[in-house]
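None of the values given here were measured: they were computed from a predicted structure. By convention in this document, chain letters (A, B, ...) are assigned in the order of the sequence lines, proteins followed by strands, and residues within each chain are numbered from 1.
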Amino acid sequence: MEIVNTLGRTRAPLVPLVEGEIGIYVCGPTVQANPHVGHGRSAVAFDVIRRYLVYRGFNVTYVRNITDIDDKIIAAASEQGLTIDTVAERAAERFEVTQDALGVLRPDVEPKATDHIGEIVEMISDLIGKDHAYEASGDVYFSVRSFPSYAKLSNRNIDEMLSGARIATGDIKRDPLDFALWKGAKPGEPAWPSPWGEGRPGWHIECSAMARKYLGDTLDIHGGGSDLIFPHHENEIAQSEAVTGQAFARYWLHNGMVNLSGEKMSKSTGHFVDLVGLLSDNPPLAIRLFYLRAHYRSNVEFSADLIADSVTAFERLMAFRRRHEGLEDTAADPGVVDAFEAAMDDDFNTPVALGVLFDAVRDGNRVADEGGDAAALAAAVELIMGVLGLIPDADGLTDLATRIDELAVKLGLEPDGDAEATLLAVIERRTKARIERDWPTSDTIRDGLSEIGIVIEDGADGVAWHRK
RNA sequence: GGCGACGUGGCCGAGUGGUUAGGCAGAGGUCUGCAAAACCUCGUACCCCGGUUCAAUUCCGGGCGUCGCCUCCA
């Protein structure tokens, strides 16, 4: 298995620190507002990576943080007249809802910054003790010049960065490039005690502290969005390596951005599409499929048309599963599985993997059309969809029970207590109409079912139904 | 200005020194009361200019263009 490492921009075999074990740390959200489509992409990208590593037999420990204290949260709280806890909790809840809908597995550990103030303070103290950081007026700053390999991830030249002139020259910082580890509290702001007075952590330090706590001094994989490469990940490296003297992460993986009309979605500019709304308007796993159609490292374009494409493609996968769900358990077609693994072994190339998947779908349908045995192909499709996280939870009909009953009554039928039984009775009624060649009645029933979200398909071997 | 990514058929999006990616859309056909689903057939695409090569979309150089980061950001 080969992966592309942002650090050094090399492609190399994935070799974990401890054979068979992989520790992954992914930068999660700063919980300040609803997540947008870009956040979903990052989550799905690393969820697939995680699932595939598990599929390949690695014992994976997956850590994704929640940053629940930061300037933006404080600003949002004061704007909305809420406490920062309320803002953070609400946003975190919304985030979780989207994660579940997208089929993103919960992390093994999901640490919050505010639960790790002790570890953070300790790490900052270490940095001060090692002369990599200094206190100034109640703040603590990391001294970038004290860490010679600073900017190795983003491949920048410190001296040239200064001439960029976009860096505000702070009066209390010794060097304009130095960044805050600890910020002294201003009146009314949330604060925790520290050796440097009441205050709160700077943005980058929580990741260093929590990653170290849960995964040790050296991580196998550190992931996040490409917009975090500089300065966030660069600063994490500086903090962690200055403390431990060890390489912080063996492999750095970065997902590309989601663009809207050619430009990156961004919360701060208001140029984004709300993920909660998108997921409620579409089959959530179709959105997951949308993400997987591009390689995780590439930027990808978002539009309503592209989502519609993905919904159609996803429905095709669902139709295939319905058609073949009765088949006996069989070993997955080895040729298909090999092709899938080859694609994923190549830096998690999901577009190619999807090509393999859709090839198998077409072949499976053809074999079935010709009356052959498609079980091995269907099993391969199931396997691939499982690893990619594209299989929905079985959904019952309980939420539609009332409407199904209403439809039954309209047709002069007695509702059964069980929604599915009632539905089958309705379908039976339609079949009767069809036998009598009473097309108006037949079509009216089909339309009525369609209205409540149930699709009817007349096949050679009977009538099938499924939810939209 | 610095660092990085990229320019592929109607749209999206992989990939390769000479052999079909895939999805969606479109055209025709099979099946069907209609619809849906499904299958078959159909598109010789690779920004421009040089160079290397028997052969370049794929390698090298130059140009043009787009995007990201350099400030909070998945």
Show each protein N/O and nucleotides 35-39 of chain B N/O combination with a separation under 3.5 Å, one pair to a line.
{"unit_1": "rA35(B)", "atom_1": "N6", "unit_2": "Asp458(A)", "atom_2": "O", "d": "3.0"}
{"unit_1": "rA35(B)", "atom_1": "N1", "unit_2": "Asp458(A)", "atom_2": "N", "d": "3.0"}
{"unit_1": "rA35(B)", "atom_1": "N3", "unit_2": "Arg446(A)", "atom_2": "NH1", "d": "3.0"}
{"unit_1": "rA36(B)", "atom_1": "O2'", "unit_2": "Glu457(A)", "atom_2": "OE2", "d": "3.4"}
{"unit_1": "rA38(B)", "atom_1": "O3'", "unit_2": "Asn365(A)", "atom_2": "ND2", "d": "3.0"}
{"unit_1": "rA38(B)", "atom_1": "O2'", "unit_2": "Arg323(A)", "atom_2": "NH1", "d": "3.3"}
{"unit_1": "rA38(B)", "atom_1": "O2'", "unit_2": "Asp369(A)", "atom_2": "OD1", "d": "3.3"}
{"unit_1": "rA38(B)", "atom_1": "O2'", "unit_2": "Asp369(A)", "atom_2": "OD2", "d": "2.8"}
{"unit_1": "rC39(B)", "atom_1": "OP1", "unit_2": "Arg316(A)", "atom_2": "NH2", "d": "3.0"}
{"unit_1": "rC39(B)", "atom_1": "OP1", "unit_2": "Asn365(A)", "atom_2": "ND2", "d": "3.2"}
{"unit_1": "rC39(B)", "atom_1": "O4'", "unit_2": "Asp369(A)", "atom_2": "OD2", "d": "2.8"}

Exercise. Identify which one of Asp347(A), Thr6(A), Asn255(A) satisfies the side chain to side chain donor-acceptor pair (under 3.5 Å) criterion when paired with Arg297(A).
Key: Asp347(A)
Exercise. Please give the nucleotide sitting opposite rG1(B) as a Watson-Crick or G-U wobble pair, both distances under 3.5 Å, or none.
Key: rC70(B)
Quiz item: Where the side chain of Arg156(A) is concerned, which of rA74(B), rC70(B), rG23(B) is the nearest nucleotide?
Solution: rC70(B)
Self-check item: Pair His36(A) + Phe302(A): ring centers closer than 6.0 Å
Solution: no
All N/O contacts under 3.5 Å from nucleotides 13-16 of chain B to the protein, with atom names and distances to one decimal?
{"unit_1": "rA14(B)", "atom_1": "OP1", "unit_2": "His295(A)", "atom_2": "N", "d": "2.9"}
{"unit_1": "rA14(B)", "atom_1": "OP1", "unit_2": "Ser298(A)", "atom_2": "OG", "d": "3.1"}
{"unit_1": "rA14(B)", "atom_1": "O3'", "unit_2": "Asn349(A)", "atom_2": "ND2", "d": "3.3"}
{"unit_1": "rG15(B)", "atom_1": "OP1", "unit_2": "Asn349(A)", "atom_2": "ND2", "d": "3.2"}

Exercise. Please state whether the rings of Trp252(A) and His254(A) are parallel, tilted or perpendicular, taking 30° and 60° as the class boundaries.
Key: parallel
Quiz item: Under the 3.5 Å rule, do the base of rG33(B) and the side chain of Asp443(A) count as making a donor-acceptor pair?
Solution: yes
Practice problem: Tell me the partner of rG17(B), counting only Watson-Crick (N1-N3 plus N6-O4 or O6-N4) or G-U wobble (N1-O2 and O6-N3) with both under 3.5 Å; none if nothing fits. | Solution: none
Exercise. Report the relative orientation of the aromatic rings in His204(A) and His232(A); use parallel for angles under 30°, tilted for 30 to 60°, perpendicular for over 60°.
Key: tilted
Quiz prompt | Under 3.5 Å on both distances, the Watson-Crick or G-U partner of rU32(B) | solution = none
Check nucleotides 27-29 of chain B for protein N or O atoms closer than 3.5 Å to its own N or O atoms and list the pairs.
none

Self-check item: Pair Tyr52(A), Arg56(A): side-chain N/O donor-acceptor within cut-off below 3.5 Å
Solution: yes
Exercise. Check the geometry between Trp439(A) and rG33(B) and answer yes if their rings are stacked (centres below 5.5 Å, planes below 30°), otherwise no.
Key: yes
Quiz item: Between Arg64(A) and Gln99(A), does any side-chain donor sit less than 3.5 Å from a side-chain acceptor?
Solution: yes
Exercise. Fit a plane to each ring of His222(A) and Tyr25(A), take the angle between them on a 0 to 90° scale, and name the class: parallel (under 30°), tilted (30 to 60°) or perpendicular (over 60°).
Key: tilted
